[in-house]
Participant: 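The structure under discussion is supplied below as structure tokens; questions concerning it will follow.
Atoms within each ligand, like the ligands themselves, are counted from 1 in listed order. Because the structure is a prediction, the values reported are computed rather than measured.
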Amino acid sequence: MTQPPVDTAADTQPEPMADLLITGGTVVNETGRFPADVAVKDGLIAFIGHPSLAPRAKRVLEAKGRFILPGAIDVHTHIREPGMTQKENWTTGTRAAAAGGVTTVFDMPNTDPPTWSLEALAEKQAAAEKQAHVNYGLYGLLDERTLGNIEPLTKAGVIGFKLFLGNTTGNLPAPNDGAVLEGFEILAGLGMRCSIHAENSPMLFWRERRMREAGRDDDFAHWCARADIVALESLGRAICLSEWTGARIHIVHESCARSVPVIREAKARGVPMTVETCPQFLFLAAEELTGQQAKIARMNPPIREGAQREALLKALIDGTIDMIATDHAPHAMEEKQRDSIWDNACGFPGVETSMRLMLTLVDQGKMRLEDYVRMSSAAPARAFGLAGRKGVIQPGADADLVVVDVTKRAPILAEMLHSEKSRFTPYEGIETVGAPVATIVRGRVVMENGLVAEAAGWGRQERPVMPPAAPRNLATSTQAILRPGAMPF
Ligand SMILES: [Zn+2]
């Protein structure tokens, strides 16, 4: 009797090899934390579990005593290329993101040319795909001239649209309310989200002109020109138009404590809105910003008085404000050192310092790491059609991860920023506790111990998969009333 041949193929086949294994750390999602090794294969999370079950890997990253978070998604950055590369470009901007634990940046359309057509989008894509070290989403511009481009830009994969109700860098004119209404009707039909700079342009221009005529040019002049009412009026209008049309909106850089109850009530009514605030509105106080600091911190909307900070932080923690973004807005140094406050460029870099600042609030016991994961990654992924793929550490999700050391103490120093053309910060000298020590973009380590790896072109464009559209009041939409004899009843 002969033995049947033994099939040894299973024994000789090599064990599946992961690309990267992060070992010894604690995984943190918005829902909780647990100790686990994380393995990555082909850019996706392939394994989460006990070290004894972890696959072998080509590269092992030791994370003992560290936390592994979903990489931050910063939905509000200005990378400046094309057209304004004296301030920033896709290399410097995404290196700064990698240094800051940010694995995806959304780039605003107020570049030169603005991202308002398929041609302009293609120009930006060409610059980004050659240089990006982290993933990116690209916004299209919504204004009076671009209504016909909303659908083509959506099909071409923009992450959302941006509407400047208030003027800022790039001086794109705020569209009139009729165009905004029609734009929202189109967006509502497509289900796309529109990020809104909510300040009232006529008000801020009028007040600035009156103040200039009166000879005001002091450290607090800009703050006074754009007092809270300028933002509050615009927020109310944006909510009204969103509620009527069903357009999904996202309010950027919320700065006012008085907006919080307005947002809470609107959300309770079912207005399809999300809101971000930024570290500068939680850390800085207008009354403390004088001289060169006032020029560096000049931004739109302005840093408010310190008494407003607590209400914003509370709203961020309780979810009334959904997420933390940065409004990373670099400029050439010369553009921030002009004599008159009115001539100094608005904005400052932030993508690299946000995580350190927010982890400092965790260290102070003001929020949990789980809260930070929600506001920095899970909520942005949900709002912009990336949920499931990003914002969560789970098998099959993109391996966009950040390893943090919550005990790391260091001062923020402008000279160390990776935004090479824009090395100034309003946080100079502030000591932070907690920092990213490794940033992983789709399985590739793009930053380790503060050193950014050469990874130009590794970043990939992210395209949204939004929930089904839910437009409202179609019978009286701008398109509907163009039909001769159309009756809405
Ligand atoms: Zn901005």
Participant: Could you report the tightest heavy-atom contact between H197 and H253, atom names first, then the distance?
Facilitator: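 Taking H197 first and H253 second, the nearest heavy atoms are ND1-NE2, 3.2 Å.
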Participant: Using distance alone, with no hydrogens and no angle criterion, decide if H222 and R298 have a side-chain donor and acceptor under 3.5 Å apart.
Facilitator: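 Yes.
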Participant: Could you list all the salt bridge (Lys or Arg N to Asp or Glu O under 4.0 Å) pairs where at least one residue sits in residues 164-190, not counting sequence neighbours?
Facilitator: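 Listed once each, the pairs are D177-R237.
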Participant: W458 ring centre to R442 NZ or CZ under 6.0 Å, with the angle to the axis within 45°?
Facilitator: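 Here R442 passes the 6.0 Å and 45° test against W458.
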Participant: Check the Zn ion (ligand 1) and write out every protein N, O or S atom at under 2.8 Å, as residue and atom.
Facilitator: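 Atoms qualifying: H76 NE2, H78 NE2, D327 OD1.
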Participant: Applying salt bridge (charged side-chain N to carboxylate O under 4.0 Å, His left out), name anything that partners R460, two or more places apart in sequence or on another chain.
Facilitator: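 R460 satisfies salt bridge (charged side-chain N to carboxylate O under 4.0 Å, His left out) with D398, E462 once adjacent residues are dropped.
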Participant: Going by salt bridge (charged side-chain N to carboxylate O under 4.0 Å, His left out), name the residues that satisfy it together with R304, two or more places apart in sequence or in a different chain.
Facilitator: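 Counting only residues at least two positions away or on another chain, R304 forms a salt bridge (charged side-chain N to carboxylate O under 4.0 Å, His left out) with D228.
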